[in-house]
Amino acid sequence: MIKVSVLYPQKDGATFDADYYFAKHIPMVVAKFGGAAKSVSVEQGLSGGAPGSAAAFVMMAHFTFDSIPAFQAAFGPHAAEIMGDIPNYTSIEPTLQISEVRVAT
């Protein structure tokens, strides 16, 4: 099992339209991935570890897939449309990380 994380780092002066992201972008991505995405979770940053500090990430989306090839097969045909939608909700360039899920509860 792998996890694909899309991370939007906190940046001064950056914009992020959470309403659009939750109402349009995430449903579109979930539809494009279909059954290949085994789970989806989205987290909105609230705070850093120190009281009053900013969260490191404005938003994080996590998708699990059986394997990297399964992710690539689901993402590849829709990459242009998914990536092309980013300017509609943020000025932040997302960071993508693929991880092996080692422990799940």
Side-chain angles (χ1 to χ4, degrees):
M1 177 82 54
I2 61 133
K3 180 185 285 186
V4 177
S5 298
V6 184
L7 311 167
Y8 297 88
Q10 187 75 254
K11 295 192 178 189
D12 288 339
T15 60
F16 196 101
D17 183 344
D19 291 336
Y20 181 95
Y21 187 69
F22 285 111
K24 306 247 183 204
H25 186 75
I26 289 296
M28 182 261 294
V29 172
V30 168
K32 299 292 183 198
F33 287 166
K38 302 305 180 188
S39 69
V40 179
S41 65
V42 179
E43 303 165 20
Q44 187 167 4
L46 299 177
S47 175
S53 65
F57 298 96
V58 174
M59 200 74 66
M60 299 181 287
H62 308 282
F63 303 87
T64 58
F65 293 86
D66 287 332
S67 64
I68 291 175
F71 162 65
Q72 292 169 334
F75 178 69
H78 309 289
E81 185 176 0
I82 291 169
M83 300 303 287
D85 193 43
I86 293 171
N88 291 325
Y89 62 88
T90 189
S91 61
I92 301 168
E93 182 178 343
T95 299
L96 186 121
Q97 177 168 307
I98 299 175
S99 306
E100 180 182 11
V101 178
R102 300 289 302 255
V103 177
T105 58

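Along the sequence shown, residues are numbered consecutively beginning with 1. Remember, predicted model here, so these are calculated numbers, not experimental data.
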### Message
Membership question, hydrophobic clusters at under 4.5 Å side-chain separation (ILVMFWY): are Val101 and Val4 in the same one?
### Response
no
**OP:** May I ask whether Leu96 and Val30 are part of the same hydrophobic cluster, defined by side-chain heavy atoms of I, L, V, M, F, W, Y residues being less than 4.5 angstrom apart, directly or through others?
**Re:** yes
_Just checking Met28: does its CE atom have more than 12 heavy atoms from other residues, nucleotides or ligands closer to it than 6.0 angstrom?_
yes
The complete set of ring pair (Phe, Tyr, Trp, His ring centres under 6.0 Å) pairs with one or both residues in residues 36-64, sequence neighbours excluded, reads Phe33-Phe63
What's the spacing between [X] [atom1] and [Y] [atom2] if we round to 0.5 Å?
X: Met60; Y: Gln44; atom1: CE; atom2: CD; result: 10.5 Å
X: Met59; Y: Gln10; atom1: CE; atom2: CD; result: 10.5 Å
X: Glu100; Y: Ile68; atom1: CD; atom2: CD1; result: 9.0 Å
X: Ile92; Y: Leu7; atom1: CD1; atom2: CG; result: 11.0 Å
X: Ile98; Y: Lys3; atom1: CD1; atom2: NZ; result: 13.0 Å
X: Thr64; Y: Phe71; atom1: OG1; atom2: CZ; result: 12.0 Å

To check you understand the geometry: which heavy-atom pair defines the closest contact between [X] and [Y], and what is its length?
X: Ser47; Y: Ser53; result: OG-O, 3.3 Å
X: Leu46; Y: Ala55; result: N-CB, 3.8 Å
X: Ala36; Y: Ala70; result: CB-O, 4.4 Å
X: Ile82; Y: His25; result: O-CE1, 3.5 Å
X: Pro94; Y: Val6; result: CB-CG1, 3.7 Å

Sequence neighbours excluded, the answer for side chain to side chain donor-acceptor pair (under 3.5 Å) partners of Glu81 is Lys32
Could you go through the side-chain contact (heavy atoms from CB on, under 4.5 Å) check for Asp19 and Lys24 one step at a time?
-> CA-CA 8 Å; Asp19 291 336; Lys24 306 247 183 204; over 6 Å; no
Ring centroid separation Phe75 to Phe65 under 6.0 Å: no
Backbone of Thr15 reached by a side-chain donor or acceptor of Thr90 within 3.5 Å:
yes
Do the rings of Tyr20 and Tyr89 sit parallel, tilted or perpendicular, given the 30° and 60° boundaries?
parallel
